[in-house]
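Chain naming here is simple, since letters A, B, ... match the order of the sequence lines and numbering starts at 1 in each. Since the structure is predicted, the reported quantities are computational estimates derived from the model, not experimental observations.
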There are 2 protein chains.
Amino acid sequence: MPIFRQLIDQIKQAIRMNLLVNGEQLPSVRVLASALQINPMTISKAFSQLEIEGVLIRKRGVGMLVAEVQENGHISSSIETPLQKFIENAHKENLSNDQIMALVQQYLSIQSQEKSK
Amino acid sequence: MPIFRQLIDQIKQAIRMNLLVNGEQLPSVRVLASALQINPMTISKAFSQLEIEGVLIRKRGVGMLVAEVQENGHISSSIETPLQKFIENAHKENLSNDQIMALVQQYLSIQSQEKSK
DNA sequence: AATAGTGTATTAATATACTAATACACTAAT
DNA sequence: ATTAGTGTATTAGTATATTAATACACTATT
């Protein structure tokens, strides 16, 4: 798993656990880079992604701040929209909630197989 | 999107639409390769993946056959497409499988609440 | 056994994704 | 204006994923 992606995970997790709270400023890219022994640009890349997702706010020349925490965590519409459509259509075709959960699990396992190759 | 992955999708779709039926033999890798103007190995790679997923059956020296249609094999694309997109995007944003399952469950319960109103 | 049809293991080439180095731009406080 | 702190655009290097070329193995038929 790429470094910048691991970093994204860790920051999101920290926010979920309230180790980082709304409005708080994150350590600078250089401080983090030094602490984690990785390149500043790799950290910047993670920051950029988190800004796109609305998790962090970029203040030019100042630093990165933790954004307002959303109701459902930080679910982007690129996730939420297809999820809603999936459930809606599944219900239209009279699939039960259990069947829906089973379907999701099945597709998750398929994707795992594909990744492990 | 990689060629072999597009091919996997197309074959699955063809089976869903009954353009390919249970037990039917697929065109050989060379025939397909020639028709689609791509390398035979790329097609073989798609076939291998589909065999792992249980969609096709490999007969050595003979060819690839369409497998028995699965329990969940008749899911309409109006369900499958958003599901795939949902999982794909969720993974892009680094949600774990557990988190994905939790999300689905959450949305299922929300929809139930709305219905009972 | 020879042949002509299957798919594929192995390897090499290519494309893509990721990381790192450098120099730069922005902001706040001197 | 200078300084010291932010983040980042650009570019180059590296690693990984994908595609392609070749030679091979299996099966059925003759």
Side-chain angles (χ1 to χ4, degrees), chain A residues 1-12 14-15 20 22-67 78 110-117, chain B residues 1-12 14-15 20 22-67 84 87-94:
Chain A
M1 199 177 193
I3 296 174
F4 79 96
R5 222 165 268 279
Q6 295 177 38
L7 200 54
I8 289 171
D9 272 351
Q10 289 169 17
I11 293 172
K12 281 183 176 176
I15 293 175
L20 292 170
N22 180 14
E24 185 172 353
Q25 182 164 354
L26 269 68
S28 76
V29 289
R30 287 174 185 76
V31 168
L32 271 182
S34 168
L36 304 178
Q37 290 293 305
I38 57 185
N39 191 283
M41 280 308 300
T42 302
I43 294 175
S44 175
K45 186 170 180 182
F47 280 5
S48 298
Q49 176 61 32
L50 288 168
E51 197 212 3
I52 291 173
E53 293 182 24
V55 177
L56 300 181
I57 294 170
R58 176 176 54 181
K59 290 270 192 180
R60 312 190 79 184
V62 178
M64 304 297 294
L65 306 182
V66 177
S78 71
I110 289 174
Q111 297 235 349
S112 307
Q113 286 175 4
E114 286 173 354
K115 276 186 181 174
S116 64
K117 292 198 68 176
Chain B
M1 198 177 193
I3 298 174
F4 78 95
R5 221 166 272 279
Q6 296 178 37
L7 199 56
I8 289 171
D9 279 351
Q10 288 170 17
I11 292 172
K12 281 182 179 177
I15 292 175
L20 292 170
N22 180 15
E24 185 172 351
Q25 182 164 352
L26 269 68
S28 76
V29 288
R30 287 173 185 77
V31 169
L32 272 181
S34 169
L36 305 177
Q37 289 294 305
I38 57 185
N39 190 284
M41 281 308 299
T42 302
I43 295 177
S44 176
K45 186 170 181 182
F47 280 6
S48 296
Q49 177 60 33
L50 289 168
E51 197 212 4
I52 291 174
E53 292 182 23
V55 177
L56 300 181
I57 294 170
R58 174 176 55 180
K59 289 270 190 179
R60 313 190 79 184
V62 177
M64 304 297 295
L65 305 183
V66 176
Q84 285 177 337
I87 291 178
E88 182 186 331
N89 291 341
H91 278 154
K92 272 186 192 161
E93 297 196 15
N94 295 295

Taken to the nearest whole Å, CD1/Ile43(A) to P/dG7(D) is 9 Å
Please state whether the phosphate of dT8(C), meaning OP1 or OP2, lies under 4.0 angstrom from any side-chain nitrogen or oxygen of Ser44(B).
yes
Side chain of Val29(A) - closest among dG7(C), dC18(C), dT8(D):
dT8(D)
Can you measure Phe4(A) atom CZ to dT8(D) atom P for me and round it to whole angstrom units?
15 Å
On a heavy-atom basis, which atom in Gly54(A) and which in Ala67(A) lie closest, and how many Å separate them?
O-CB, 3.3 Å
Tell me: CE of Met1(A) to P of dT19(C), nearest whole Å?
11 Å
Let me have the donor-acceptor pairs involving side chains of residues 37-48 of chain A, under 3.5 Å, with sequence neighbours excluded, atom names and distances please.
| unit_1 | atom_1 | unit_2 | atom_2 | d |
| --- | --- | --- | --- | --- |
| Gln37(A) | NE2 | Ser34(A) | O | 3.1 |
| Asn39(A) | OD1 | Met41(A) | N | 2.8 |
| Ser48(A) | OG | Ser44(A) | O | 3.0 |

Under the side-chain hydrogen bond (donor to acceptor under 3.5 Å, both in side chains) test, which residues partner Asn22(A), sequence neighbours left out?
Glu68(A)
Whole-Å distance separating the CG atom of Leu50(A) from the P atom of dT8(D):
11 Å
Separation of atom CZ in Arg58(B) from atom C1' in dT8(C), rounded to whole Å
8 Å
Any donor and acceptor pair, going by atom type alone, linking the side chain of Gln25(A) with main-chain N or O of Val62(A) inside 3.5 Å?
yes
Can you measure Gln25(B) atom CD to dG7(C) atom C1' for me and round it to whole angstrom units?
11 Å
When you look at Gln49(B) and Glu53(B), which way does the side chain to side chain donor-acceptor pair (under 3.5 Å) test go after all the steps?
CA-CA 6 Å; Gln49(B) 177 60 33; Glu53(B) 292 182 23; 2.8 Å; yes
With respect to Leu50(B), which candidate in Leu26(B), Val66(B), Leu7(B), Leu56(B) satisfies the side-chain contact (heavy atoms from CB on, under 4.5 Å) definition?
Leu56(B)
How long is the span from the CE atom in Met64(B) to the CG atom in Leu20(B), to the nearest 0.5 Å?
12.0 Å
How long is the line joining CG of Leu32(A) and P of dT6(D), in whole Å?
10 Å
Protein heavy-atom contacts under 4.0 Å, written 5' to 3' over nucleotides 20-30 of chain D as B (base), S (sugar-phosphate only) or - (none), form the string BB----BS---
When Lys45(A) and Pro27(B) are each assigned the nearest nucleotide of DNA chain C, the 5'-most assignment goes to Pro27(B)
Taken to the nearest whole Å, CD/Gln49(B) to P/dG7(C) is 17 Å
